[in-house]
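Input: a single structure, listed below in structure tokens.
Read the numbers this way: they start at 1 and go in the same order the structure lists the ligands and their atoms.
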Amino acid sequence: MTKPWFKNLRQIEPYVPGEQSKNENIIKLNANENPYPPSPQVMQALREIRPENLSLYPNSNAQKLVDAIAQYHGVKSSQVFVGNGSDDVIALSFMAFFNSDKPILFPDITYSFYPVWCRLFNIPYETPKVDDNFKIIPSDYYKPNGGVIFPNPNAPTGIGEGKEFIKDILNHNPDSIVIVDEAYVDFGCYSSIELLKEYDNLLVVQTFSKSRSMAGMRIGAAIGNEELIGVLNAVKNSYNSYTLDSVAIECGSAAVNDDEYFKSTLLKISSTRDRVSDIFKKMGFTVYPSQSNFIFVTKNDISAKALFEYLKSKNIFIRYFNLPRIDNHLRITIGTDEQMDTLIKETENYLNGLK
Ligand SMILES: *Cc1c(COP(=O)(O)O)cnc(C)c1O
């Protein structure tokens with residue numbers, strides 16, 4: 001018999017993150033993590049952490065990290081908000097900014113966490129279809145709405161858009177908050193940060209998880225006008241005052257301050273990406289132009305799911321989405337050159353086995 005309190009339990013279908021394996025020997029190309037370690041400055045900051053200080057609460061607005069990010073982008077500290085990964089920052093932004101009774105808009109093919117937050121916070125939403133080449137159609141975002149969010153470059157396609165595209169969407173949405181999720185922007189895409197001077201309804205969200213090799217530390221940031229950042233802080237302080245711990249504050253600041261290391265890993269990843277894209281094209285795959293640290297591929301004469309399973313049996317994990325329109329596509333994170341060479345070899349073996 002069902003208990004009387006059962007009806008009060010929240011029924012919700014959660015986001016499913018890329019699989020994490022206990023096996024240390026796998027080649028892990030399924031969660032867009034960075035194959036290179038964080039900056040040596042982060043290692044140094046960790047060594048300097050005094051464990052006895054962990055008895056104290058951290059600074060509730062993570063001021064040191066906020067100041068470092070503000071300086072990096074040339075904005076005021078009052079324009080920067082930080083959170084426990086950009087997932088936390090985006091979830092709080094949904095709570096803070098998407099309170100209209102009109103639906104918010106995001107593409108049908110995009111980060112699959114957005115609809116999960118909409119359901120969690122009861123936000124109505126619509127998902128205009130990207131075109132047959134998986135490009136976002138700006139005019140779909142001209143209609144009245146309760147807010148707009150999209151990643152640039154988009155996920156899981158890796159396709160990036162430039163300044164005119166972003167301005168077009170902003171120009172048609174003066175009455176809404178427009179969030180650009182720049183999780184992968186550092187890998188070679190246009191960043192909207194400069195547009196903050198022109199548009200007070202723009203919020204740019206970034207993360208340390210991909211380009212700064214710090215997924216395990218959980219640091220994300222939003223950059224926007226002071227008023228939006230103030231509202232984000234008010235919502236955060238109504239929910240959990242200490243979203244960032246003192247270790248993350250120290251290590252995050254150290255990472256931002258080492259631009260040289262940052263640029264050098266970005267360069268390594270983008271050159272590996274371009275090399276691997278060419279090889280996959282030669283193997284007969286369609287490879288979408290990527291401005292991120294992953295590629296999105298398909299080959300119409302093979303089953304993406306079968307290749308995914310085959311690679312998994314060889315201890316190579318990539319990402320397969322059992323979702324409409326993309327269920328014969330694969331998302332492959334760019335690892336080291338050595339890891340990618342193993343992936344290429346096994347993919348060739350698989351294709352040869354089909355002949
Ligand atoms: C990875 C990712 C995020 C979230 O990253 P965090 O680890 O929570 O900072 C947000 N948006 C997109 C599009 C992503 O791919």
- Message: Any heavy-atom pair between the side chains of Phe280 and Ile332 that's under 4.5 Å?
- Response: yes
- Query: For atom 5 (O) of ligand 1, which candidate among Ala31, Pro156, Gly216, Ser86 provides the closest heavy atom?
  - Reply: Ser86
- Item | ligand 1 versus Phe208: contacting region, heavy-atom distance under 4.0 Å | neither
- Message: Within 45 degrees of the ring normal and closer than 6.0 Å to the centroid, is that where the cationic atom of Arg331 sits relative to Phe134?
- Response: no
- Item | Residue Tyr184 vicinity, atoms of ligand 1 by number, heavy atom under 4.0 Å | 1 (C), 14 (C), 15 (O)
- Item | Over-ring placement of Lys268 relative to Tyr36, 6.0 Å and 45° cut-offs | yes
- Proximity to ligand 1 by part of Asp87, non-hydrogen separation under 4.0 Å: both
- Query: Which residue holds the protein heavy atom closest to atom 14 (C) of ligand 1, what is that atom called, and what is the gap in Å?
  - Reply: Lys210 NZ, 3.0 Å
- Message: Please list, in number order, the atoms of ligand 1 under 4.0 Å from a heavy atom of Gly85.
- Response: 8 (O), 9 (O)
- Message: Taking the six-membered ring for Trp, are Phe294 and Tyr184 closer than 6.0 Å centroid to centroid?
- Response: yes
- Message: Taking 4.0 angstrom as the limit and counting only heavy atoms of Arg218, give me the atoms of ligand 1 inside it, by number and element.
- Response: 6 (P), 7 (O), 8 (O)
- Task: Please check if the distance between the ring centroids of Tyr111 and Tyr15 is under 6.0 Å.
- Result: yes
- Message: Looking at Asp108 and Arg325, is any side-chain nitrogen of the basic one under 4.0 Å from a carboxylate oxygen of the acidic one?
- Response: yes
- Query: So which heavy atom in the protein is nearest atom 11 (N) of ligand 1, and how far is it from that ligand atom?
  - Reply: Asp181 OD2, 2.7 Å
- So does Arg275 pair up with Asp341, basic N to acidic O under 4.0 Å? yes
- Which ligand 1 atoms, with their elements, are less than 4.0 angstrom from a heavy-atom of Ser209? 6 (P), 7 (O), 9 (O)
